Structures are given as structure tokens and as C-alpha cells.
Number of protein chains: 2
Amino acid sequence: MPNIREVASRAGVSVATVSRVLNHPERVSPKTKEHIEAIMKELDFSPNVFARSLNLKRSNTVALVIPDIVNPQYMEIARGVEQVAHEKGYNLLLCNTEKNRVKEQDYIRMLIDKKIDGIILAFTLLQEQDFDEIRRKNIPLVLFGQNILNENINSVYSDFREGAFLAVSHLINLGFRKIAYIGGDSDHLENRDKTLGYTEALLSGGLTVSKELMIEGADDVDSGYLAALKLLKLTPPPDAVFAANDLMAMGAVDALKTEGLRIPEDISVIGYDNIRMASLLEPKLTTVSWPVYKMGLISARILIDEVESEEDNPQAQNIYLRPRLKIRKSCGHETRVSEIFDQPT
Amino acid sequence: MPNIREVASRAGVSVATVSRVLNHPERVSPKTKEHIEAIMKELDFSPNVFARSLNLKRSNTVALVIPDIVNPQYMEIARGVEQVAHEKGYNLLLCNTEKNRVKEQDYIRMLIDKKIDGIILAFTLLQEQDFDEIRRKNIPLVLFGQNILNENINSVYSDFREGAFLAVSHLINLGFRKIAYIGGDSDHLENRDKTLGYTEALLSGGLTVSKELMIEGADDVDSGYLAALKLLKLTPPPDAVFAANDLMAMGAVDALKTEGLRIPEDISVIGYDNIRMASLLEPKLTTVSWPVYKMGLISARILIDEVESEEDNPQAQNIYLRPRLKIRKSCGHETRVSEIFDQPT
DNA sequence: ATGAAAGCGCTAACAG
DNA sequence: CTGTTAGCGCTTTCAT
């Protein structure tokens, strides 16, 4: 593996000149530049990134920390982030916390030690003070999918409270009165926000909030299945259920159908996320959509801009994208369904 | 940020000693070791990875190169790999090629330049000669999900030809005669293997292979949908369809149902992969399962073992895990369905 | 068991 | 426009 010294000597120049064609090509005369480049090609030379990083104190690598690598919604984030990172010549370190607070903290520690250029924390389980070290070391940080904890931290988020409110209000408008809720893991702030949206919608619709209608799931298909089974034990059972994500909604639909109920004739189901699969379910799932992929792109752009900016304390950005109701077939009401389907989306 | 020199001077020892407690603790007297460790803690010192890597020529980072970050099956690989990498103190660089041969080559080039410690190539689009550079630089490499191209390259794979054979034979045993095939992107070797399995099963079942029954999809839900629509135009239409993955199978089911067909009464569908969603479909999808997650774990272990081994040319491993038929409800035959469902899985 | 010193390969300040 | 040179922070001989 040739190094810069070898290139220099073969080209009959100093290492500084070679380094210059690598980093400031404009400061080298076109002739020597071409010559040196030819030699680089010939020797198949590529600069040693470690030495480079040691000097520059940058790794050209950013990290995405996510709770669950197999959740398709989270992977949409990764797709967006990877896209931008690759475009801009950065590498993407993927950190899967498995919703484990300790693993998340470990990872952050490790990322700081590694002198990562920037970090995107998606749906973090951590508190503001846990970011202190990141901020103290001036490592650019973007919080994804999180309500603003602090205006001084970059965040790209969608209002999950509002989304839940939308979903439940839709159910109420449809005429349902006993609306169950399968919530996500309440360790996550966005799930607590959804719960808020659920109760607010109930209240503002003149309904009462009942603990027995609220079950906490674990964000996956199976817990949705189990929760629905539990809800069916109530007498009378709920006439509609709002699940905090599509995965749980799909599990619930599966359970409901297994128990012989028809959807939406006997019971309505509404989800959250609008994952691709949600539209393949029978019946196609009504859900709340929010622009994950786009938010992934945006997060990465904000992050990398900040990495590359000279400023020490750039103004934090708080980007906010709205959720939207996606009406399909899994909710309905005998007398009102046509009326609803005629309304614009 | 304190460096090793500062730790040394505060501890009243030389940098060499500090370095030793980091790398060869046994070569330092317990007393001084403890003392130095205390000072490290006090100063919150952690060694600079760039300097370290520059010396050691290792990055403690491995890469996973996959064709499609949103395919749940591929993400299962990532889950396994991340698990092991994290356990062993390695970072995981995620490279999404979007099934783009050029992007894949770019990535490999970049990984080599980055002096990555090891690479797992999942369902690569590349040819054996494309790995030359990786092997020349002695970078440990594991091919995932690939038939052996070369016994000297580590590979962890499942026999997709056999899996397809299993699936189609099942259909034939069920009594179907006109069996369509929605293949995956034929740029991928594993999809060509599935095609092989399909035709072999047909032939060994005494059926003929017909081009018009074979459609090439793009491994996603939508292309399955489109393919099924096309197949329905045939007269008579096929009585069963084998899709090369569950995503396409799900798309096909969607199309078939939309066109008013009942599954399995009017037409049977069988998929491949056994993704979680496949069991939520109505009817639950019969499919071929193979142990992706486990294969991810294994790949990472082989890779990291090789990274950490002293040997220059360790014996390559070729691990092989069998696919298995997962019989559910989406295939059936009026007269034989009960008979089939009584047979052991 | 410990220390001195020579790099690892590169960048950038400084000098010309 | 180009060359000289001093680090970046660490690991590792080679001495002692």
C-alpha cells in the first residue's frame, strides 16, 4: 500500500504538494496536479483515512441510533439518512438499541469515544441531561421524531399527539362511542403523546376516558394481537380500536378476525404510520401517515450541514411535519360510511 | 480532551506504561495499573481511536452491504450482524446499494479505502473477480445468501434452488397443473436459483415449462401486484402461483383478491421467506422459510473470528442452512386440502 | 516492570 | 506555486 511519501518521491515533489492536490487542488499548478494525479492512479494510491482523521479530527462518519432495526417504519428513517450520507460522502454507522436504555447509553458513549462526526437519535429513550456529554463535546446532534425537549437541540418531528387526535376524532365522527386504545411502549415519549391525543379527542368528543379500554402494547404485531384479545373480553366489547402503530393494528386485526369478528362491520380498527403492509391487509387499514423517509432525509441534511459548518453554535433547527389521516376501509359505520368516503382526504 | 501524555504525566509514568495498561495490562504491575486506571477515570480519558487505528491498522468496524434497506428480510440479517458486532465491540457500517451494481462497487471501494476490518456482502450483484481487490488486501469477507462461487470465500447461504423446488413440488402434489412463477430480479443469483428450482420441480413433476407463466418482478410488493394482473390475462389463468418472495406474493394476493378471486379456492399462492407479515395475510400465506437472523449471526461470527485471527489465510467456511416449507392456508385443492393439512410439517 | 524514542501517514503553518 | 517540518495521539521495539 503506497503512501503519500511514495507518491511524492515518484512524482519528484514534496508530500505537501501531494497533500495539496488532495485537499486544496486549486493551490497547485494544473500541470503538477495532473502529473501527480496520474501517479496516484498508477500506484492505486488512496490516502490513509486514519492519518487523515488524526489530523483533521473528523471521521466522515455519522451514526443513526434507532430502537428497533426490524421495524419497517424505523428502517424508512435509515433509508433516508443513508441516502443523504452516501451522497455527501459520509459513512453511516447503524446502532440498534433494541429499546434498551442501557444499550443506547453505551452506544452514545462509544460514539463519542469514536469521535463520530454527528449523531441522529431516533425515538430516544434518554433524557435531556443524557445529551449533555454530546453537546459538551460539540458533536452535532439531531433528535428524530421527538417533540422538542429543548429548542437548542435540532429536532425533526411529527406531532404524534395531533396524529392520534386525528385518528380518534375520525372514529368519533363515524359515530363510535366505545373506542379502545392499544398504546405503544410508554417509555417512549411519542407514545405518551399519542395517549394524550387519544384522551383529548375522547374528551373533546364528549366521551369519557376509561382505563379498561387502554392497553399498553410493545409496538410489535404480537402485542397488538394479545391486546385485542384482551379487549374482546369486555362486555360489551369496544366498537372501535385505535392502535398506536400499524404493526399492532395488524396484530389486532388478525386477532379480531380469528375471533370471528368482521371489520369494519363488527368493529373498526385504525392504525398509525401508514406502512406499506397496512394497505395489503383485508380490509385495507385506515391509518395516520407521516413522512418518515422525508424526515430521514431532512435529519441527515441538518446533521451534515452542521458537521460541515464552521460555526461553533449554529442556530438549532426544529422541523415539524404534520401527520395526515389516511382513510381506507377498516373503519366504517353502517349509516355514515358512504358519507365519510365521499369527503376529501 | 486529555490524551495519553497527560495521563502519563499526572500518573508520574511514561506514556508507554499507560499504553500498556490499555493494551497489555498483564505486563504492568498491579499497583501502577490501578493507579493509572484511577487517573484515567478521573480525567475521563479515552484513547483516540484514530491514532490507535493508525498504528494498529484496524478500525474495529465491519460493514454490511445489502441491496435494500427496507426489505424486512434483509433487515433480519442486519439485526443478527449488529447483535454480534456490538457484543464483540465492533461498529457496524451499513451500506445500502439499492440494487445498484455501481453503488455496490463504489461502496466496496470506499470500504477498502477506509480500511474496514471486514465485509459482509449480502446478495451481491458482483462477480467473483470484483472481490479480487478485497481479497488481495486480505480483508476478511463473508458472502451472505449466495451459493458458493468459490470455496475459498466464506459463505453463509441457504439453497434457494432447493427451497423453490420444495414450494413448487408442494403445489404439484396438491394437484395443480398450471403453475405460474413470479420471479425476483434475475440480476441476483439467488433468484436465478429459484427459477432453476421452479423449472426442475415442474419437470420432475411431469409438467412442462412455459415462458408465458414466468414473469420477472422486482422483489417488492408492487411488482407482485402487477405480475399477478398480467397472469390473470392468460386463458385459462394459472391455478397456482409461486412468488420468489413474500413481498411479491403479498402483492399478488392483493391483486388476485381485487380481481375477485378467492384464495385458495380459485387460485393458490405460495411465497418465499416467511416474513412476519406473511402470516397476517388473509389467507395466511404458505411459504418457504429459511433462518435469516441466525445466518446473520453466523456471518458476523465468522467474519469477526477471521478479523481477529492471526492467520493470513484461514480456511474459508461454507455454511449451509436448509430452507423449509411452511404450510399455511394460501394453497389448497378441493379434494386434497384436508389430506395435506393433516400431514406433519 | 518501566522508559526513551521511533514511527504510523497525513495536514498545515511557515518560509521561500 | 512549492518545500520543510512539526505535530496529530498512540503503539511498540529496544534498552535498562
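No experiment lies behind these values; they were computed from the predicted model shown. Chain identifiers are assigned alphabetically (A, B, ...) following the order of the sequence lines, protein sequences preceding nucleic acid strands; residue numbering begins at 1 within each chain.
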| message | Any salt bridge linking B/Glu42 with B/Arg10? Criterion: basic side-chain nitrogen under 4.0 Å from a carboxylate oxygen. | response | yes

| B/Asn154 side chain to B/Glu306 side chain, donor-acceptor N/O pair below 3.5 angstrom | yes

| Does a donor on one side chain sit under 3.5 Å from an acceptor on the other, for B/Thr17 and B/Lys33? | no

Could you state the atom-to-atom distance from [atom1] of [X] to [atom2] of [N] in whole Å?
X       : N      : atom1 : atom2 : answer
B/Asn48 : D/dG7  : CG    : P     : 17 Å
B/Asn55 : C/dC10 : CG    : C1'   : 13 Å
A/Leu54 : D/dC10 : CG    : P     : 9 Å
B/Arg52 : D/dT11 : CZ    : P     : 5 Å
B/Phe50 : C/dT11 : CZ    : P     : 14 Å
A/Ile36 : D/dG3  : CD1   : P     : 8 Å
B/Lys57 : D/dC10 : NZ    : P     : 16 Å
A/His35 : D/dC1  : NE2   : P     : 18 Å

| task | Classify the angle between the aromatic ring planes of B/Phe123 and B/Phe144 as parallel (below 30°), tilted (30 to 60°) or perpendicular (above 60°). | result | perpendicular

Hey, is the main chain of [Y] close enough, under 3.5 Å, to the side chain of [X] for a donor-acceptor pair?
X        : Y        : result
A/Asp117 : A/Val307 : no
A/Thr61  : A/Leu92  : no
A/Asn23  : A/Ser19  : yes

| query | Counting only side-chain N and O atoms of B/Thr32, is one of them less than 4.0 Å from OP1 or OP2 of C/dT2? | reply | yes

| Among D/dT2, C/dT2, D/dC10, which is the nearest nucleotide to the side chain of B/Ser29? | C/dT2

| request: Taking the side chain as every heavy atom from C-beta outward, state whether A/Val65 and A/Leu93 have any atom pair closer than 4.5 Å. | output: no

| message | Taking the side chain as everything from C-beta on, heavy atoms only, tell me whether B/Leu143 gets closer than 4.5 Å to B/Ile120. | response | no

| note | In numerical order, the residues of residues 1-25 of chain A whose heavy atoms come under 4.0 Å of DNA chain C are A/Asn3, A/Ile4, A/Ala16, A/Ser19, A/Arg20, A/Asn23, A/His24

| query | For the helix from C/dA1-D/dT16 to C/dG16-D/dC1, what is the angle between the axes at its two ends, each from 5 pairs, rounded to 10°? | reply | 30°

